[in-house]
Each structure stands twice: as structure tokens, then as C-alpha cells.
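Shown next, in C-alpha cells, is the structure this report addresses.
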Amino acid sequence: MLKEELTKIVGQGNIIDNGASLEAYASDLSLQAAKKPMLVVKPKDRDEVQKVVKLANEQKIPLIPASSKVHFHGETIPEQGGIIVDLTRMDKVLQVDARNRKVKIEPGVTWGKLQEALNEHEQMALRPLFPHPFKSALTSS
């Protein structure tokens with residue numbers, strides 16, 4: 001039932017529930033032990049995220065957000081099980097305000113994609129030293 005409800009929200013093909021694919025989400029580049037999630041959902045916009053959160057709250061299921069495929073500190077390992085909300089489909093650079101040096105991005109925008117968008121405006125992101133190009137620009141420290 002949960003999978004069917006989530007499929008109504010994010011659409012067919014945006015739910016991961018098979019063992020081999022879930023293994024990819026069970027660990028990261030940290031030394032923490034791997035733990036498989038129940039499911040992975042891949043919403044495309046804020047509306048779908050809100051609906052997933054509401055359903056998970058109703059069913060008391062933990063959600064773990066993941067905004068890229070590169071994680072170093074175990075923050076996306078589902079310690080208590082639950083659903084990983086893979087935000088990589090939400091990867092648009094929404095606005096570049098070159099004059100005020102501001103950008104508005106979705107959570108799945110990576111450093112590589114952000115810099116590519118800024119290059120068009122002859123700008124450069126203030127970023128950590130040697131950011132991984134596939135790491136989310138929003139969640140990096």
C-alpha cells in the first residue's frame with residue numbers, strides 16, 4: 001500500500017524498491033555501517049516533496065533526504081530504516097542574479113552544474129576547497 005501511495009505522488013519509475021538498487025543507498029563514503037532503506041522516492045518538485053512528507057508523517061515512517069550521490073559523513077544512511085527522499089531530480093538553477101551575486105537553486109544542484117550556470121554570467125561560486133563536482137551545492141559545508 002505504501003509503495004502504491006508513493007507511486008501516485010511521484011509517478012511510476014521514481015520509486016526504488018529492489019534489493020540491488022537499495023544497496024546503492026545503504027552506505028556512503030564514510031566508515032559507518034550500511035543500512036538499507038525500505039524504499040527510495042525521487043520527487044521532482046516541492047509539491048511532491050510535501051505530499052511524501054505528509055504521507056510519511058501519517059504512517060510514522062522516517063524520511064532521510066539525499067540531495068546528491070556523494071556523501072561523506074553518514075548523514076544519508078537510514079539508521080532507523082525508512083524512506084530515502086532522493087532529491088537529485090530537483091536540479092534546476094532557478095535564478096542567477098549576477099549584479100547582487102545571488103543564486104536560487106533546487107537541492108539537487110551539484111557544484112558542477114552550479115558553476116556551469118555561473119560561467120554564463122562570468123561568476124564563480126564561493127565554495128569549499130576542492131568541492132566534488134557531483135556533490136550537492138546546497139548541502140556542502
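Note that the coordinates shown come from a computational prediction; the quantities given were computed from them, not determined experimentally.
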Margin query: Can you confirm whether more than 12 heavy atoms, excluding those of Glu122, are under 6.0 Å from its CD atom?
Written below: no

Item checked: Gln12 CD: over 12 foreign heavy atoms closer than 6.0 Å -> no

Would you compute the distance between atom [atom1] of [X] and atom [atom2] of [Y] and round it to the nearest 0.5 angstrom?
{"X": "Glu58", "Y": "Lys60", "atom1": "CD", "atom2": "NZ", "answer": "9.5 Å"}
{"X": "Glu106", "Y": "Met90", "atom1": "CD", "atom2": "CE", "answer": "5.0 Å"}
{"X": "Ile9", "Y": "Asn14", "atom1": "CD1", "atom2": "CG", "answer": "12.0 Å"}
{"X": "Arg99", "Y": "His121", "atom1": "CZ", "atom2": "NE2", "answer": "15.0 Å"}
{"X": "Met124", "Y": "Asn119", "atom1": "CE", "atom2": "CG", "answer": "10.0 Å"}
{"X": "Ile15", "Y": "Asp86", "atom1": "CD1", "atom2": "CG", "answer": "11.5 Å"}

In the structure I gave you, are the side-chain heavy atoms of [X] and [Y] within less than 4.5 Å of one another anywhere?
{"X": "Leu6", "Y": "Ile83", "value": "yes"}
{"X": "Leu2", "Y": "Leu55", "value": "yes"}
{"X": "Lys51", "Y": "Glu48", "value": "no"}
{"X": "Val49", "Y": "Arg46", "value": "no"}

Check [X] against [Y] and note the closest heavy-atom contact, atom names and distance.
{"X": "Gly82", "Y": "Ile61", "answer": "CA-CG2, 3.9 Å"}
{"X": "Leu22", "Y": "Met38", "answer": "CD1-O, 3.7 Å"}
{"X": "Gln123", "Y": "Gln115", "answer": "O-NE2, 3.1 Å"}
{"X": "Arg89", "Y": "Val10", "answer": "NH1-O, 3.9 Å"}
{"X": "Lys3", "Y": "Asp17", "answer": "NZ-OD2, 2.7 Å"}
{"X": "Thr88", "Y": "Asp91", "answer": "O-CB, 3.5 Å"}

Margin query: Any side-chain to backbone donor/acceptor pair from Glu116 onto Lys113? Under 3.5 Å, distance only.
Written below: no

Notebook entry, point to check: Less than 4.0 Å between a side-chain N and a carboxylate O, is that true for Glu5 and Lys8?
Noted result: yes

